[in-house]
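First up is the structure itself, then whatever we jot down about it.
Side chains included, hydrogens not; waters and symmetry mates left out as well; all remaining heavy atoms used. These figures come from a predicted structure and were not determined experimentally. Convention: sequence-line order gives letters A, B, ...; per-chain numbering from 1.
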Amino acid sequence: MEYNHLKIESKWQRYWLENKTFKTKKDLSKKKCYVLDMFPYPSGAGLHVGHPLGYTATDIYSRFKRLQGFNVLHPMGWDAFGLPAEQYAIKTGTHPKITTESNIKNFKRQIQMLGFSYDWDREINTTDEKYYKWTQWIFLQLYKKGLAYESEVPVNWCPELKAVLANEEVVDGKSEIGGHPVVRKPMRQWMFRITDYAESLLDGLDDLDWPESVKDLQRNWIGKSKGCEVDFKIKGLSSNITVYTTRPDTLFGASYVVLSPEHPLVEKLTLDEKKVEVENYIKLASTKSDFDRGELNKDKTGVFIGSYAINPVNNAEIPIWIADYVLMSYGTGSIMAVPGHDDRDFDFAKKFELPIIEVVEGGNLEKAAFTGKKGKIINSSNEDGLDLNQIEVKEAIEKSILWLESKGLGKRRIQYKLKDWLFSRQRYWGEPIPIIHSNDQIVPIDESELPLKLPEVDKYEPSETGESPLANISEWLNTEQGRRETNTMPQWAGSCWYFLRFIDPLNTTEAWSKEKENYWMPVDLYVGGVEHAVLHLLYSRFWHHVLYDLGLVSTKEPFKKLFNQGMIQGEDGQKMSKSRGNVINPDDVVKEYGADSFRLYEMFMGPLEKSKPWKTKGLQGCYRFLRKIWRLFHDKTKNIKYNCANKETLKILHQTIKKVTEDFDNLRFNTAVSQLMIFTNHLVTLNTLDREVLHTFLVLLNPFAPHLSEEINAKLGNDTIASMKWPKYDNSLIIATTSTVAVQFNGKMRGTIEIASNSEQKIARETVMADKNLKKFFEGMEVIKVIYINDKLINFVLKQLS
RNA sequence: GCCGGUGUGGCGGAAUUGGUAGACGCGAUGGAUUCAAAAUCCAUUUCUCGCAAGGGAGUGGGGGUUCGAUCCCCUCCACCGGUACCA
């Protein structure tokens, strides 16, 4: 009888759907396990074989945990707002809802054909008004807490897409989608004060079971630095320039001050004779995109504006420049330049022939700035009680801050790179922001009026003003109270809290029930791509921290354990892409080899977190393995009986239970597959098979190959594996009676001996002495030392007999 | 530049975290079965010297610690990812 994967797989998939086999249990007294995938954006292209890698891993883990008796929450949904459907609408006039629906249908079909055990009764869709009602509700909670505000911000305007892009959507000065040019344009925007939560977000990382690399990425993104503000008086004026520095110890080395071209004091401090030059420079800087200003153009430019600042530590008069290497968006938008100990200031000083003063020992200022933080301070004392000479940098920083504070010249400050989150998009296909503008007043709409539904429009192009298409619908736009907000939310919004809705997806009176939230949160295992290491994971953590502070959720952090699956490359080792023509379509794979082979192969390829190329030959190997199992159970020459397992079989069985259980717990699926192969290879050599052993084997195989294992299991006359218990191993059956012990002389492998397990060193030593191949190594030698590791190794350290 | 990661046979990858390097799979070679093929089964397969018995080398390179290093330390190299004038 042939292994017909198509028939078997559709049979069991139908069975699972009809019987709701994987429906989450209502029983909140059982121990729980929340296993979550990063839900996909349902694109028109459908899945390629890379997508289901993480889904397969979580499916195996979920099935494993269910068999272990956990109440498992394993849901799937759709992050369906987003630009592609909107662009398609602009091009073809097709409503994004239609596109989205059909894409979801295709995604769902593909996901279901792989036999994943999602609880489909909890499926959610971020574009569903029953869902985004609560996204809007959360927005209002954040607004009421004072975390949402309006601001006129220069944004990334893409004339081609007629849309404002977020920084992360701009790559190398061009739109990430389509590669169109992007320019700066100021526009009214909604912002979130995520910076208020910088410290909280940083702190929360420490205890998370996340890859260190992802935590580091977030730490770098938040970019905490410690330093102080220093006030520089301006010669002949009463105003001050406040700079931010992390190196107040180098104040005596400050030889000029630089303002960002956008700095508010520039106009006031520019002397008349410098006006033209300065204005030209400012104009030039403003037309440059961020990209030109930073990435490509590391050549320093700048203009002396004519005024002088006074160095507070030594009253030196130092020139004030403007230069675009100083960013208005960081610190105070102005710096004290210490060319001796900062690379950028050094370059600038060299170019414009400004003085370079050495204040930390250890470098060669002829060649480069010395930026090291180990060294003694020199040339740094004044008559006002500050003497840093011969003090180490670290201590000098502390001492100078204390001095500045005591003199009222500066104060300690912590600075973050993290900026407030631009939370509005001038687009149609997103959640409307539930706000009305009433005579310059911002009025949040009443919670009882939610959801604020996305209205139908005729045209999907943004309005003439660059506002979203919503600005064109006057009957929607104008209310008795005033004009509606036309901005919509960015795609991140829906994914910021979807894991909370999965807990209670049908609740119509609240976003989630407190009781259920308390039971299910946090997410025990969250699997997805590294590309979300910062944005999605930072934004959703931010919302969650706020919800926690509002008492709406019971845990501060939403995701206890995070795991990033690797990428699957094409057979050529390159990234899978249409243009390279190396895309493998899961539909074809499943049709030819079946979902079980597909799942098994994706897990067998290598460690889950690593990137690795797809090899059809490798897939065929897994297919062969499954067919071997199928044949094992259909081989007429083999007898299947009760109580006939031999010692060897039981030993390998229990080794396999142990290995697979431990590997599953650690998400090491590739080695679990190997172990199942080893066990299968052993079973194939037997003529008589034990029913119980076979049944246990099928339970172990089930998470990888659920269809095949259920089918064979049913043929053996057993109840469905989904109702079984995960086996436990018996260590006494694993321990061998004899051991192979490695024999080394001076650390070199020379052979092995077989002795009873747990033998004493004396026995091992005598066995080696008696071994005809090994005893010769003792000739003419003296044993100095013997290292003996029980059941593993004996090493003789020898010396020539003199 | 900075941060992070990786480097093991022809290939994907194992190795209980300091104790027999190369499990398992792919590929390859030889054989069985077949009219033939597919499928299946058996054997070999790190490199190298040797007919063999046996040697020697070997986990990116170099050095170190140790009886013993893929694993720990130092240093260099290559590739991948992130980030970038953040004061």
Side-chain angles (χ1 to χ4, degrees), chain A residues 2 211-217 219-221 223-225 227 243-247 250 254 258 260 290 293-295 297-300 323-327 329-338 341-345 347-348 371 415-419 530-531 533-534 564 566-567 573 600-601 604-607 609-622 624-625 627-628 631 658-659 662 668 670-681 684 740-753 773 784-798:
Chain A
E2 269 303 294
E212 259 329 294
S213 59
V214 175
K215 291 203 227 176
D216 270 345
L217 282 173
R219 288 189 188 110
N220 288 341
W221 193 265
K224 182 177 183 174
S225 86
V243 304
Y244 172 73
T245 179
T246 55
R247 294 295 303 274
T250 62
V258 187
S260 159
D290 276 359
R293 216 166 134 164
E295 199 90 1
N297 205 347
K298 296 253 171 168
D299 244 6
K300 299 283 179 291
D324 64 6
Y325 82 92
V326 174
L327 310 172
S329 54
Y330 185 80
T332 59
S334 50
I335 62 157
M336 64 176 207
V338 184
H341 306 284
D342 181 285
D343 292 325
R344 296 151 299 180
D345 299 343
D347 291 347
F348 193 83
T371 57
Q415 176 70 34
Y416 300 92
K417 270 198 258 181
L418 184 70
K419 299 196 176 81
V530 246
E531 64 273 21
V534 176
N564 299 124
M567 293 229 288
L600 195 79
Y601 174 58
F604 185 56
M605 289 173 85
E609 69 276 16
K610 274 189 72 176
S611 290
K612 52 242 155 184
W614 180 272
K615 299 275 180 205
T616 298
K617 288 281 184 194
L619 168 74
Q620 286 166 347
C622 290
R624 275 206 284 272
F625 168 60
R627 274 211 320 231
K628 191 190 267 186
R631 276 199 314 276
K658 182 170 192 247
K659 178 87 178 130
E662 287 171 0
R668 290 189 304 237
N670 54 330
T671 46
V673 176
S674 315
Q675 187 59 40
L676 289 170
M677 286 174 169
I678 291 168
F679 189 42
T680 305
N681 290 343
V684 166
T740 309
V741 173
V743 181
Q744 298 185 345
F745 292 92
N746 289 329
K748 278 201 167 163
M749 264 299 293
R750 295 298 176 182
T752 56
I753 51 168
N773 290 323
I784 299 172
K785 195 176 171 188
V786 179
I787 290 115
Y788 180 63
I789 313 283
N790 221 346
D791 297 335
K792 286 263 163 74
L793 164 143
I794 183 160
N795 183 12
F796 298 90
V797 184
L798 304 178

List every contact pair, protein side and nucleotides 49-59 of chain B side both N or O, where the distance is under 3.5 Å.
residue, atom, partner, partner atom, Å
B:rG56, OP2, A:Arg750, NH1, 3.4

Atom pairs under 3.5 Å, N or O on each side, protein against nucleotides 14-21 of chain B: can you list them with distances?
residue, atom, partner, partner atom, Å
B:rA14, OP1, A:Asn670, ND2, 2.8
B:rU16, N3, A:Lys792, NZ, 3.4

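Side-chain contact of A:Tyr244 with A:Ser334: a donor-acceptor pair under 3.5 Å is absent, judged by distance alone. In summary, the side chains of A:Asn220 and A:Lys417 do not present any donor paired with an acceptor at a separation below 3.5 Å, with no hydrogens or angles considered.
Using Watson-Crick or G-U wobble geometry with both donor-acceptor distances under 3.5 Å, B:rG81 finds its partner in B:rC3. With a cut-off of 3.5 Å on both Watson-Crick or G-U wobble distances, the partner of B:rC51 is given as none. Partner assigned to B:rG18 is none, using Watson-Crick or G-U wobble distances below 3.5 angstrom. Across all strands shown, nothing is found opposite B:rA37 as a Watson-Crick or G-U wobble partner with both distances under 3.5 Å. When both distances must be under 3.5 Å, the Watson-Crick or G-U wobble mate of B:rU44 is B:rA28. Base pairing annotation: B:rG58 forms no Watson-Crick or G-U wobble pair, as no partner gives both donor-acceptor distances under 3.5 Å.
Taken to the nearest 0.5 Å, the NZ atom of A:Lys617 stands 5.0 Å off from the CD atom of A:Gln620.
Here, B:rC71 and B:rG62 have their P atoms 13 Å apart, quoted to the whole Å. Annotation: B:rA57 and B:rU8 have their C1' atoms spaced 15 Å apart (nearest Å). The P atoms of B:rC41 and B:rU48 are separated by 30 Å, rounded to the nearest whole Å. Taking atom P on both nucleotides, B:rA32 is separated from B:rA36 by 11 Å, rounded to a whole Å. Going from the C1' atom of B:rA15 to that of B:rG9 covers 15 Å, rounded to whole Å. Rounded to a whole angstrom, the distance from the C1' atom of B:rG25 to that of B:rG19 is 27 Å. Straight-line distance between the P atoms of B:rG5 and B:rC11: roughly 25 Å, to the nearest whole Å. Comparing the P positions of B:rU70 and B:rG22 gives an interatomic distance of 12 Å, to the nearest angstrom.
Taking the side chain as every heavy atom from C-beta outward, A:Met336 and A:Thr245 approach each other to under 4.5 Å.
At a cut-off of 3.5 angstrom, the base of B:rC85 holds at least one donor-acceptor pair with the side chain of A:Lys300.
Here A:Lys617 lies in heavy-atom contact (under 4.0 Å) with sugar-phosphate atoms only.
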### Task
Show the numbers, then the answer: is there a side chain to side chain contact (heavy atoms under 4.5 Å, CB included) between A:Phe796 and A:Ile784?
CA-CA 8 Å; A:Phe796 298 90; A:Ile784 299 172; over 6 Å; no

### Message
Is there a side chain to side chain contact (heavy atoms under 4.5 Å, CB included) between A:Lys615 and A:Tyr601? Walk through the geometry before answering.
### Response
CA-CA 9 Å; A:Lys615 299 275 180 205; A:Tyr601 174 58; 3.7 Å; yes

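The nearest heavy atom of RNA chain B to A:Lys615 and to A:Asn681 marks one nucleotide each, and the one closer to the 5' end goes with A:Lys615. For A:Arg631 and A:Thr332, each mapped to the nucleotide of RNA chain B holding its nearest heavy atom, the one lying further toward the 5' end belongs to A:Arg631.
Distance, A:Asp345 CG to B:rA87 C1': 7 Å, rounded to whole Å.
An OP1 or OP2 oxygen of B:rG13 is reached within less than 4.0 angstrom by no side-chain nitrogen or oxygen of A:Lys612. Between A:Tyr244 and the phosphate of B:rA87, there is no side-chain N or O to OP1/OP2 separation shorter than 4.0 Å. Taking only side-chain nitrogens and oxygens, A:Arg624 never comes nearer than 4.0 Å to OP1 or OP2 of B:rC24.
Taking the centre and axis of the six-membered ring of A:Tyr325, the NZ or CZ atom of A:Lys300 falls inside the cone set by 45° and 6.0 Å.
Between the side chain of A:Asn795 and the backbone N or O of A:Ile787, no donor-acceptor pair lies under 3.5 Å. Remark: side-chain polar atoms of A:Ser611 are paired, donor with acceptor, to backbone N or O of A:Met567 under 3.5 angstrom.
Relative to the side chain of A:Arg627, the nucleotides B:rU40, B:rG82, B:rC67 differ in distance, and B:rU40 lies closest.
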